[in-house]
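Contents: one structure, followed by commentary.
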Amino acid sequence: MESHSIPFLDLVTPNRELKNELVAVFKQALETAGFIGGSMVAGFEQDFSRFCGTRNCVGVGSGTDAVRFALIAAGVKPGDVVVTVPNTFIATTEAITQAGATPDFVDVDERTYNMDPEQLRRYLQVQCSVDGTKGQVYNRRLGRPVTAVVPVHLYGQPADMDPILDLAERFGLLVVEDACQAHGAEYFSRKESVWKKAGAMGKAAAFSFYPGKNLGACGEAGAVTTQDDEIARKVRMLRDHGQSQKYYHDAEGYNGRLDAIQAGILRVKLERLRVWNEKRRQAAARYRELFESANGHEFPPYEPNWSRAVYHLYVIRVQERENLMRALADVNIGTGIHYPIPLHLQNAYRSLYHKAGDFPVAERAASEIVSLPMFPSLSAEQQDRVVGTILRFVVERRERKTLPVCS
Ligand SMILES: *Cc1c(COP(=O)(O)O)cnc(C)c1O
């Protein structure tokens, strides 16, 4: 073989490094038969709320559970409209629908790929009217009240929360952060002049610990963080069949608990998260240097000065994406697309009557983005090869285009 392969994602190395500690978690669970709830779950919840700087953390079964429970507990009701972005994983909108609400979209910022606050303002002022007596915002097309906004901190970069929170306050909307890709990301609030953690800015926030996330379990897991004790109490009930105490069901809930084994594993890994995120940031900085020193200024993703992204994904934008991905695959370099089809154009959402052209920024991005290999143990040599291959591809494409055409 010409060269060793570079995976898109390396899930094995951290598990190998932590093998003894992780096996000890399994052993303890086996010996105590403590599989659901108990001190491992409570311990992780405490550690993760401290990490995020929130009063509460409630462990749940997945990131999708987390978004759904956060919305319901924060007060989203069946029949409501919840606004989010079209370029996210479908779990965001599934959770909205499963809370009984209808997802609606606003377009994203061209450079950050996150919710464009200006588009949110326009949505609220142009597509909605305010019911004077109740102060309730109604979407005229859907004929329903708009009650919440779900900004997604996509690729590990926080959405621009100051203006989003301002608009939410002005229009009486709840804000639930989808922080499923942003464990440890930070946002500088210009308004309060302070750095804030993803998960600590909205009324509540949802995290996923799916194995490929920056903090990943060895299976399914998620969490809701919130400063609000009442929301935390409701999420605890929702995850456990609506029980306030054993066999006393205040409402119907779900089977959405966090496994004790996963909680124990997450506790072990959480201790490394700061270092792993720092390694991702260093790898991102190195990608930037490599591109820029070869005049490839258009490649590195944009990180505003108010953002400390944790690079869950390292996403560049190119013409002829499919050809580039093939060129990388030819030398065994893994890539991905996050995500190829915006949600408003998915078959699952045909009933929402959106069409191509409704969210042009998200649509253009979807056709040009590529995610490059990104994980804490990504080596300098591997990065050299990734960038070298991309730059060679670009030069060859330019030469191909300037070649005289023969008939
Ligand atoms: C991963 C992810 C989710 C869902 O998390 P699961 O744990 O897979 O249910 C939700 N939103 C976003 C943005 C995600 O990346």
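On a predicted model such as this, the values are computed, not experimentally measured, just so you know. Order of appearance sets the numbers: ligands from 1, and atoms from 1 within every ligand.
For atom 9 (O) of ligand 1, the closest non-hydrogen atom on the protein side is Thr64 OG1, 2.5 Å. From the protein, the heavy atom lying nearest to atom 2 (C) of ligand 1 is Lys213 NZ, 2.6 Å.
Close approach of ligand 1 to Thr88 is summarised as follows: ligand atoms under 4.0 Å from at least one heavy atom of the residue are 13 (C). Short contacts between ligand 1 and Thr92, defined as distances under 4.0 Å to a heavy atom of the residue, involve ligand atoms 11 (N). Close contacts between ligand 1 and Ala91 involve ligand atoms 3 (C), 4 (C), 10 (C) [criterion: under 4.0 Å to a heavy atom]. Of all atoms in ligand 1, listed by their number and element, those nearer than 4.0 Å to a heavy atom of Cys180 are 2 (C), 3 (C), 10 (C), 11 (N), 12 (C), 14 (C).
In terms of polar-atom proximity, defined here as any N/O pair under 3.5 Å, Tyr210 makes no such contact with ligand 1. Ligand 1 has an N or O atom lying under 3.5 Å from an N or O atom of Gly63, backbone or side chain. At least one N/O-N/O distance between Gln181 and ligand 1 falls below 3.5 Å.
Residue-ligand proximity: His312 is placed with every non-hydrogen atom at 4.0 Å or more from ligand 1. In this structure, Asp178 has a heavy atom closer than 4.0 Å to ligand 1.
Electrostatic pairing of Arg236 and Glu45 counts as a salt bridge here, judged by a charged N lying under 4.0 Å from a carboxylate O. A salt bridge links Arg317 with Glu368: the closest approach of a Lys/Arg side-chain nitrogen to an acidic carboxylate oxygen falls below 4.0 angstrom.
Between Phe209 and Phe48, the ring-plane angle classifies as perpendicular under the 30° and 60° cut-offs.
The main-chain N or O of Gly184 is never found under 3.5 Å from a side-chain atom of Asn277 such that the two would form a donor-acceptor pair. Looking at Thr88, its side chain never comes within 3.5 Å of a backbone N or O of Val85 through a donor-acceptor pair. Judged purely by atom type and a 3.5 angstrom limit, Glu298 has no side-chain atom pairing as donor or acceptor with the backbone of Val318.
Checked against a 6.0 Å centroid threshold, the rings of His344 and Tyr349 do not count as neighbours.
Under the 4.5 Å side-chain criterion, counting only non-hydrogen atoms from C-beta, Lys196 is in contact with Glu192.
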